[in-house]
Q: 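Input: one structure, supplied below.
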Amino acid sequence: MDVEAFFSSGDGWAQPWVLDVELIESLRFGPPAGRTDLEVAIALTRLLHHDFVSHGTDGKGRHLDDETVPVVIKAHRAVLERLALKPPAWPFRTFEGPRGFGTYWRDNDMRGSWQARRDCIEQILGPTRDALEDLQELEYERRFSKGPSGTFKNLIFAADGAKPQIVLRDAVNNDVEIVRHADTCLVFTDPLPPHGLTWRQMVAWWTANHQPDADEKSAADTLYRRLYRSLDSPPEQLLMITYCARYAEDGGFDLPALIPQVYLHYDPYTRRSGQQSGALYRQRMDFLLLAPDRSRIVIEVDGVQHYGRPNPPDEHGRVTHTAAPQLYAEMVAEDRRLRLAGYEIYRFGGWELTGAGGERVLTDFFTDLLARHQKPAP
């Protein structure tokens, strides 16, 4: 996206650049049609960098003025926040005046040094530009990868009571709403950071929304216990305990968060009708990892109910199961659908996690999995 897209042509002589203020203000709520937030953020960063450097040096070629530059800064902040990037901290908001760049450089020993003023702008906008370049590279790589093509919107997960009833409230915006039992589950709607979702970011979300006065360690402990309560299967509990033990290691808070019981899709009307669709076989995933390389990793722990139907209890009250080809076919059909959608799926049989070697199986698996899905090298 070119910087010129933010301007009208003016009169072509005295005013060749006239900022489209209405367009800039609309960017605070979303990108223009046919554009992405990433494209807009790159162009706004380029505009701000150019104009503040220009003002701090020869003053030539500046496109904004003291009235319009704050409008651009506000739009820039909003677009970056939608991209889950940290906006720059501006020590000034205009070119001149009490809160201007000129006042700032005169108060901070930058008189007579164009280079010092360039360095000042680079310190403010350089990290943003670098983060946008990283994100741009990831977007480029994703065009050639087989990862999910959809846009992350929300997570509904970790129900520890009655299952939530979810409906599609706005089909245009793909907004879902929990109309019953919303109190039993958690909902994460923050923007997904470029390099997946870490345990540290999940703890920060939990602190902001559920435990605002807690320190990071206390909030992490409370969140872990809340997630654990959503599991009632010993093999699933072992899997979570084994993975989450890594959070206590050096750098553990920056590992991908293991998210339990994530609702994938839900259609109560199809299910109620008895006309089960293969596309709705799996309401929720046992576990989800949003990895640093932008992979979406599904981990399933299969009990006997996944592939067998219970028989009546015998004379000792023991219940056996008979293999059910239909159940197995439905399960693998859903796996195929998810893989074609770009998800990576790993399955454990509950039986292999109940013996003495179950923890070692999981430890080795997670070591190999995390090594495979590291953040791409710059």
Side-chain angles (χ1 to χ4, degrees), residues 155-164 184-188 196-207 209-211 214-264 282-293 295-307 331 343-375:
L155 287 174
I156 301 172
F157 62 106
D160 65 347
K163 293 180 179 179
T184 68
C185 62
L186 300 176
V187 183
F188 182 95
L197 184 60
T198 67
W199 178 240
R200 188 182 305 281
Q201 290 156 343
M202 280 290 290
V203 171
W205 162 82
W206 172 266
T207 303
N209 292 276
H210 299 276
Q211 207 173 353
D215 58 65
E216 185 177 60
K217 186 177 183 300
S218 300
D221 182 68
T222 305
L223 174 57
Y224 169 76
R225 293 175 184 276
R226 171 62 184 82
L227 297 179
Y228 186 83
R229 289 203 307 270
S230 69
L231 306 173
D232 53 16
S233 156
E236 290 180 351
Q237 292 169 346
L238 177 65
L239 189 148
M240 185 163 185
I241 291 171
T242 304
Y243 181 84
C244 293
R246 294 171 181 257
Y247 296 154
E249 300 173 357
D250 289 343
F253 268 45
D254 295 313
L255 291 173
L258 183 68
I259 310 166
Q261 305 298 302
V262 178
Y263 277 82
L264 177 61
R282 189 175 306 145
Q283 285 190 56
R284 63 185 180 185
M285 317 171 195
D286 288 343
F287 297 95
L288 176 67
L289 286 166
L290 299 170
D293 63 355
S295 298
R296 298 183 188 179
I297 302 166
V298 178
I299 302 173
E300 297 283 353
V301 179
D302 298 334
V304 66
Q305 72 276 9
H306 288 81
Y307 50 81
M331 181 175 68
Y343 287 81
E344 203 169 297
I345 303 173
Y346 296 92
R347 288 190 169 277
F348 289 92
W351 180 86
E352 68 178 316
L353 302 184
T354 55
E359 184 176 350
R360 171 51 55 188
V361 168
L362 289 167
T363 298
D364 292 345
F365 166 74
F366 283 123
T367 297
D368 293 340
L369 182 72
L370 293 173
R372 176 177 178 176
H373 292 282
Q374 295 179 3
K375 178 179 176 180

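Atoms considered below: every heavy atom in the structure, side chains included; atoms not considered: hydrogens, waters and symmetry mates.
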Q: Is there a side chain to side chain contact (heavy atoms under 4.5 Å, CB included) between E216 and T207? Walk through the geometry before answering.
A: CA-CA 8 Å; E216 185 177 60; T207 303; over 6 Å; no
Q: Quick check: closest heavy atoms across R347 and D302, and the distance to 0.1 Å?
A: NH1-OD1, 2.5 Å
Q: Distance from L231 atom CG to Q237 atom CD, nearest 0.5 Å?
A: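 The CG atom of L231 sits 6.0 Å away from the CD atom of Q237.
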Q: For the residue pair H210 and W206, categorise the inter-ring angle as parallel (less than 30°), tilted (30 to 60°) or perpendicular (more than 60°).
A: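 Plane angle under 30°, so parallel.
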Q: Show your reasoning for whether side chain to side chain contact (heavy atoms under 4.5 Å, CB included) applies to M285 and R296.
A: CA-CA 11 Å; M285 317 171 195; R296 298 183 188 179; over 6 Å; no
Q: Measuring from atom CD1 of I259 to atom CD1 of I156, what distance do you get when rounded to the nearest 0.5 angstrom?
A: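 So the gap between those two atoms works out to 12.5 Å.
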Q: Check step by step if salt bridge (Lys or Arg N to Asp or Glu O under 4.0 Å) holds for R225 and D221.
A: CA-CA 6 Å; R225 293 175 184 276; D221 182 68; 3.0 Å; yes
Q: L353 and P235: which non-hydrogen atoms are nearest, and at how many Å?
A: CD1-O, 3.9 Å
Q: State, with a plain yes or no, whether a side-chain heavy atom of E236 is found less than 4.5 Å away from one of L239.
A: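 Not in contact.
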Q: Name all residues meeting the salt bridge (Lys or Arg N to Asp or Glu O under 4.0 Å) criterion together with R246; count only those two or more places apart in sequence or in a different chain, and write none if there are none.
A: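 Result, salt bridge (Lys or Arg N to Asp or Glu O under 4.0 Å) vs R246: none returned.
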Q: Indicate yes or no: at least one non-hydrogen side-chain atom of L197 is less than 4.5 angstrom from one of L155.
A: yes
Q: When rounded to the nearest 0.5 angstrom, what distance separates CZ in R226 from OG1 in T222?
A: 12.0 Å
Q: Does a sphere of radius 6.0 Å around CD in Q211 hold more than 12 heavy atoms from other residues, nucleotides or ligands, not counting ones at 6.0 Å or beyond?
A: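 Buried by this count: over 12 neighbours within 6.0 Å.
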Q: Any chance you could measure L227, atom CG, to F157, atom CZ, to the nearest 0.5 Å?
A: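 With rounding to 0.5 Å, CG (L227) is 6.0 Å from CZ (F157).
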Q: Hey, is R360 close enough to D364 for a salt bridge, meaning N to O under 4.0 Å?
A: yes
Q: So do the side chains of Y346 and L369 get within less than 4.5 Å of each other, counting heavy atoms only?
A: yes
Q: Give the minimum heavy-atom separation between S230 and P260, together with the two atoms involved.
A: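 Looking at all heavy atoms of both residues, the shortest contact is OG-CG, 3.7 Å.
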Q: Is the shortest side-chain heavy-atom distance between V298 and L288 below 4.5 Å?
A: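 Side chain of V298 against side chain of L288, heavy atoms only: contact under 4.5 Å found.
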Q: Taking C-beta and beyond as the side chain, do L370 and P256 meet within less than 4.5 Å on heavy atoms?
A: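 Of all side-chain heavy-atom pairs linking P256 with L370, at least one is under 4.5 Å.
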Q: In Å and rounded to the nearest 0.5 Å, what is the SG to CG distance from C244 to L255?
A: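 The SG atom of C244 sits 10.0 Å away from the CG atom of L255.
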Q: Step by step, work out the side chain to side chain contact (heavy atoms under 4.5 Å, CB included) result for I299 and F365.
A: CA-CA 11 Å; I299 302 173; F365 166 74; 4.1 Å; yes
Q: F287 and Y243: aromatic ring centres closer than 6.0 Å?
A: no
Q: Please work out whether the ring planes of W199 and Y247 are parallel, tilted or perpendicular, with thresholds of 30° and 60°.
A: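 Answer is parallel, since the angle falls under 30°.
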Q: Taking all non-hydrogen atoms of both residues into account, name the closest pair between L223 and M202 and its distance.
A: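 In this case the closest contact between L223 and M202 is CD2-O, 3.8 Å.
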Q: Is the shortest heavy-atom distance from the side chain of L186 to the side chain of N209 under 4.5 Å?
A: no
Q: For V203 and A219, work out which heavy atoms get closest and say how close.
A: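 Nearest heavy atoms, V203 then A219: CG1-CB, 4.0 Å.
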Q: Work out which heavy atom in P292 is nearest to a heavy atom in H373; give both atom names and the distance.
A: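 Taking every non-hydrogen atom into account, CD-O, 3.1 Å.
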